[in-house]
Amino acid sequence: MNITLQACNTSDTFDTISILQESDHLSSKGLKILALTVSIALLSMPLFVFKYIDYISKFRSSYNCSEKVSLNKQLEYRVDVLLSVHPYAKALALLVATLMLICLGGLALFGVTDDSLADCLWLSWTYVADSGNHANSEGMGPRLVSVSISFGGMLIFAMMLGLVSDAISEKLDSLRKGRSEVVEQNHTLILGWSDKLGSLLNQLVIANESLGGGIVVVMAERDKEEMELDIAKMEFDFRGTSVICRSGSPLILADLKKVSVSKARAIVVLADDGNADQSDARALRTVLSLTGVKEGLRGHIVVELSDLDNEVLVKLVGGELVETVVAHDVIGRLMIQCARQPGLAQIWEDILGFENCEFYIKRWPQLDGMQFEDVLISFPDAIPCGVKVASRGGKIILNPEDSYVLQEGDEVLVIAEDDDTYAPGALPMVNGASFMHIARPARKPQKILLCGWRRDVDDMIVVWRGSLPGDFIVPKLMEKILLCGWRRDMEDMIMVILCGIKDDAPTLQIVLDAFLAPGSELWMFNEVVESERERKLIDGGLDLSRLVNITLVHREGNAVIRRHLESLPLESFDSILILADESVEDSAIQADSRSLATLLLIRDIQAKRLPYREAMVTRGQRGSFSRGSWIGEMQQASDRSVIISEILDPRTKNLLSMSKISDYVLSNELVSMALAMVAEDRQINDVLEELFAEE
């Protein structure tokens, strides 16, 4: 009975266990079916949502004809705005899609396999990460689900690869196009691009050589790669200076902040090649943008202008921050000065810029109380040439009187090799000795013979320190000057010839009497109609009725046509100025080609009109060219008159310097030198204005 009872108890336990196992199996199977159903429903839900949105959109459009934008288009627009406005929206959407695929795939695997939910989620991740893992699946259901997950994983991987590739390409493109921020300070910032940039960079490189190099940042509305390629073609050594290019507009504050404009020690605004008024208007807007920087500016602004009339407006806007260099006005003045004094162009090239000696202004307290004549011999390695007077608001006086006594705060202007190569030394003293009175012999009359005649024989006879007395009369000869070509500032050049006094008629008369002889002639030869010329001159502020000692002679013609030039008495002119004509000044190469052609034609015509005997004598004197050499004949003609050619491209300098048939003026290079000097020290602008002045 006990055995029977135990057997009955044992059979009841097995039945209970089997019943429990069967109930657990049924509940687990229900969960798996539910998980599979949920995953399929969630996967098919986007399809039903899109269909429903499309149906609603069509229904609304048919019901309400006034609705022009459908619902699906509005949804697309919202998604597009979301992805465009938020930079990380694409990556976040990809992450959400990946998590959803892993979860739905794990639920589907849980529904078709006997594994736990955690194991199915991990297996789903392996299928997403590596599409080859589904090869080990067994059974129709697991294989179908694993292939689907692997296919979704390949799509996600492709999208992720596209996002990463786009991000890298966008970053590299940003670096290539110069959109990244410049993290520099105490650098020189150049805004704009023109033909003067090469010469300007060369001068800044030379200026920074003593410091071991510097940083120059160039920002222009050009592609960064093109700017770097053009700078790499420039034929000079950078000597440790780094040139950084950025693409942007100086009129946009965000672009200005990108080049650390508030930390630059000097900002140079280049004039655009083209119309003068448009270029100056753009320079004015650039100055307005610079003054609007919230952080303020550490350095000063050097603005290159094309028209002298716009200088007042730019200074009004920029205030004390702005220093202006009017390119056309400077070149016009220098051309006139070089025409009246041959060889002056080469002297200007040596004084301006940083290649040789340059101007420096510095205070030396040990010189206070010393007379300027003693200051002159106090610098063994520099030449004092002026004083910055503190009591007169920092006014710079060139060549002051020897008796001027330096006061506290005065600074000395010198010409030296570099700012660290000179210092005042002890005054040279005479060796101590007993005083001996030496009677000065009485001055006796002398006879001096001058063999020959020069145009400046009056200057040789009269040597005067400072200004000439008001009652002193200088002997004068009539002059004939020819202007070939037309510039927009022609009236300013004429006033420079007349020494530039425009405001007072009596003063004008005195200046004319002092510098031009009665009967002098100014010939103007260009393609502008005579009536149009007079109108432009009058509009520019030139009063023709106030021309007393000079006569304007108008001739119309093309300066590159020999027949037109032969109608002029070229052999009778004292000086000829070949201008970069207004019609081609936008292109330096075309302007220089036209100037060279005019120069060669004029010299050839002059050589043909020389008397034969004089030409033979001149050939015998030179001896370096053969009798039939055309360069030799043109050099003979160059002894009779001075020709000043306005050259825009510095490379043209070599052609003229080798032939020696013309004095020359390098417009772009001289202006670049002036810009570089003012950028390094804004006080030099006062010195240059004094040197460029007519007086």
Side-chain angles (χ1 to χ4, degrees), residues 327-349 455 478-500 515-516 520-528 533 536-537 540 542 547 550-560 564-565 568-585 588 591-603 605-606 634 637-648 652-653 656 661-671 692 694:
H328 260 64
D329 182 63
V330 169
I331 296 305
R333 294 170 186 267
L334 293 184
M335 289 190 71
I336 299 301
Q337 293 181 13
C338 294
R340 301 182 64 85
Q341 187 66 47
L344 191 59
Q346 288 83 354
I347 297 176
W348 277 117
E349 287 185 13
R455 292 190 300 269
M478 292 186 300
E479 296 184 37
K480 291 182 69 174
I481 303 174
L482 173 63
L483 297 180
C484 287
W486 182 268
R487 286 165 51 122
R488 57 177 174 270
D489 57 348
M490 185 67 75
E491 68 281 350
D492 294 329
M493 291 192 64
I494 295 176
M495 295 311 299
V496 172
I497 296 175
L498 309 179
C499 256
F515 287 90
L516 290 175
S520 298
E521 295 180 355
L522 175 62
W523 289 54
M524 301 175 63
F525 179 71
N526 49 67
E527 297 181 81
V528 181
R533 293 184 209 173
K536 289 184 177 181
L537 293 176
L542 178 63
L547 303 181
I550 193 169
T551 303
L552 291 182
V553 181
H554 296 280
R555 290 292 186 270
E556 185 177 347
N558 193 334
V560 295
H564 294 176
L565 289 173
L568 301 174
L570 297 177
E571 69 280 0
S572 64
F573 292 105
D574 299 290
S575 55
I576 300 174
L577 280 70
I578 301 176
L579 310 177
D581 199 89
E582 186 179 26
S583 59
V584 293
E585 68 176 355
D592 289 352
S593 300
R594 185 181 179 92
S595 299
L596 281 177
T598 303
L599 170 63
L600 295 175
L601 287 174
I602 291 177
R603 283 305 190 200
I605 295 173
Q606 288 179 336
M634 292 185 181
S638 66
D639 295 335
R640 300 293 302 272
S641 63
V642 178
I643 294 185
I644 305 297
S645 303
E646 182 180 7
I647 301 301
L648 302 181
T652 315
K653 168 185 176 181
L656 293 178
I661 59 178
S662 170
D663 199 350
Y664 57 90
V665 174
L666 290 177
S667 295
N668 289 350
E669 191 165 5
L670 288 178
V671 173
F692 292 156
E694 302 84 0

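Of all the heavy atoms in Glu556 and Arg533, the pair that sits closest is CA-NH2, 3.3 Å. Between Lys480 and Ser572, the shortest heavy-atom contact is NZ-OG, 3.1 Å. When all heavy atoms of Trp486 and Val528 are compared, the pair lying nearest together is CG-CG2, 3.9 Å. Closest approach of Arg555 to Leu568, counting heavy atoms only: CG-CD2, 3.7 Å. Across all their heavy atoms, Leu565 and Ile605 have their closest contact at CB-CD1, 3.7 Å. Here the shortest heavy-atom pairing between Leu570 and Ile576 reads O-CD1, 4.3 Å.
Glu521 contributes atom CD, which lies 10.0 Å from atom CG of Leu552 (distance to the nearest 0.5 angstrom). The line from CG of Asn558 to CZ of Arg594 is 4.5 Å long, rounded to the nearest 0.5 Å. Interatomic distance, Leu577 CG to Ile644 CD1, rounded to the nearest 0.5 Å: 6.0 Å. Note: His554 NE2 to Leu522 CG = 8.5 Å, rounded to the nearest 0.5 Å. Atom CD1 in Ile578 sits 4.5 Å away from atom CD1 in Ile602 (nearest 0.5 Å). For the atom pair Ser645 OG and Leu596 CG, the distance stands at 7.0 Å (nearest 0.5 Å).
Formation of a donor-acceptor pair under 3.5 Å by the Asp581 side chain with backbone atoms of Gly485 is not found in this model. Remark: the backbone N or O of Ala559 is paired with a side-chain donor or acceptor of Thr598 at under 3.5 angstrom.
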